[in-house]
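Nothing fancy with the numbering, it's 1 onward along the sequence.
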Amino acid sequence: ALNSVYAENCASNFSGFYSGIQTGVTYTRSELKNADTGGKDENKRTLFTGGLFTGYGMGIGQCTYVGGEVYGNLARNNTLWVAPNVNIKTQNSGNIGAKIRFGYVLSPKAMIFLGLGIEYSRWKVELNHLGAVNRGVEKEYKKTISKVAFSPSIGSEIYVDKHIFVRGEYAYIAPVSGELEAKKANGERVAIKSTFNQHRFVLGLGYKF
C-alpha cells in the first residue's frame, strides 16, 4: 500500500506543464584553422548566460518520467584574437533548443534527469587585417555560420512546494563548424575553417501549473 501511494505521488508531483527562468555560465571554445597551411588559433572564454524554458512531462511506471521541453538562452559569447597585423572576432548572441527529458524520481520532491536535444545558434566571424593594403589582402571579411548541434544534458530538480521547483543542469553542445574564404588582391582565396563548441552550467527556477 505504501509503495502504491509513493508511486502515485511521484506521477502527480512531476506531471504537467511548467515554465521557468535560468541563469548560469557558458564556456566557449573557438578555433580557426588555415586550410592551406594547417596553422590554427584557439580561444577559450567563460561568460554569463540567461534564458527561459517551458515544457510538459508525466510520471510513468514505477516513478520514472518522460517529457519534452523547449528553451532559449541569451548571451554575448564574444572572443577576440589579437595577433600581429590582424584582429579576429567571433560572436554568438544566444541559442534556441528542444529536448526530450527522461527522469527518475528519487522522492516525491526530487528528480534526476537526462536530456537529449538539439540547439540552433548563429556565429559571426570577422577578420580585420591591419595594414592589409600593403600585403595585398582584403582589409575585412565577415561570415555568419548558422548551425544545429546535438546537445545532451544532465541535471536534477527539487520542489520547494507544490508548484515551485529549482533546477541545476549541465549541457554539452557538440562542435559546429563552417568555412570562410579570404580573397587576396590577385583573386586567390584562402580557406579558413571555424569550429565552436560549448559547455553550459545553469540554475533555474520553475513553476508547474
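Annotation: side chain to side chain donor-acceptor pair (under 3.5 Å) contacts of H199 (sequence neighbours excluded): Y170. In this view, F53 satisfies the ring pair (Phe, Tyr, Trp, His ring centres under 6.0 Å) rule with no residue, not counting sequence neighbours. Take L47 and apply the side-chain contact (heavy atoms from CB on, under 4.5 Å) test, not counting sequence neighbours, and it matches R45, N77. T54 meets the side-chain contact (heavy atoms from CB on, under 4.5 Å) test with S19, V70; sequence neighbours excluded. Among residues two or more places apart in sequence or in another chain, the side-chain contact (heavy atoms from CB on, under 4.5 Å) test is passed with I100 by V66, F102. Scanning for ring pair (Phe, Tyr, Trp, His ring centres under 6.0 Å) contacts around F48 gives an empty result, with sequence neighbours left out.
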- prompt: Between F201 and Y27, is a ring pair (Phe, Tyr, Trp, His ring centres under 6.0 Å) present by the stated rule, with each step listed?
  reply: CA-CA 9 Å; F201 302 86; Y27 168 84; 8.8 Å; no
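In this structure, L203 shares a hydrophobic cluster with no other residue, the cluster being traced through Ile, Leu, Val, Met, Phe, Trp and Tyr side chains under 4.5 angstrom apart. Membership of an apolar cluster is not assigned to I173, as no side-chain contact below 4.5 Å to another ILVMFWY residue is traced.
Residues L52 and L74 do not share a hydrophobic cluster, defined by chaining ILVMFWY side chains whose heavy atoms lie under 4.5 Å apart. A single hydrophobic cluster is seen to contain both M58 and Y207, as judged by linkage of ILVMFWY side chains at heavy-atom distances under 4.5 Å, directly or through other members. Taken together through direct or relayed side-chain contacts under 4.5 Å among Ile, Leu, Val, Met, Phe, Trp and Tyr, F17 and L205 form part of one hydrophobic cluster. F165 is not connected to V202 by any chain of hydrophobic side-chain contacts under 4.5 Å among Ile, Leu, Val, Met, Phe, Trp and Tyr, and they are in different clusters.
For residues 148-161, the set of pairs meeting the salt bridge (charged side-chain N to carboxylate O under 4.0 Å, His left out) definition, not counting sequence neighbours, comprises R101-E157, E157-R167. Among pairs with a residue in residues 49-63, none fulfils salt bridge (charged side-chain N to carboxylate O under 4.0 Å, His left out), at least two apart in sequence or across chains.
Looking at T23, its side chain does come within 3.5 Å of a backbone N or O of T49 through a donor-acceptor pair. Put simply, the side chain of T195 never gets that close to the backbone of E31: no donor and acceptor are under 3.5 Å apart.
Counting heavy atoms from C-beta on, the side chains of F14 and K208 never come closer than 4.5 Å.
Atom OG1 of T64 sits about 9.0 Å away from atom OH of Y104, to the nearest 0.5 Å.
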Side chains of residues 108-125: which donor-acceptor pairs under 3.5 Å do they make with residues two or more places apart or in other chains?
unit_1 : atom_1 : unit_2 : atom_2 : d
E119   : OE2    : Y71    : OH     : 2.9
E119   : OE2    : R200   : NH2    : 2.3
S121   : OG     : W123   : NE1    : 3.3

For residues 146-153, which side-chain N or O atoms pair as donor and acceptor with protein atoms under 3.5 Å away, sequence neighbours left out?
unit_1 : atom_1 : unit_2 : atom_2 : d
K147   : NZ     : S177   : O      : 3.3
S151   : OG     : Y172   : O      : 3.4
S153   : OG     : E169   : OE2    : 2.8

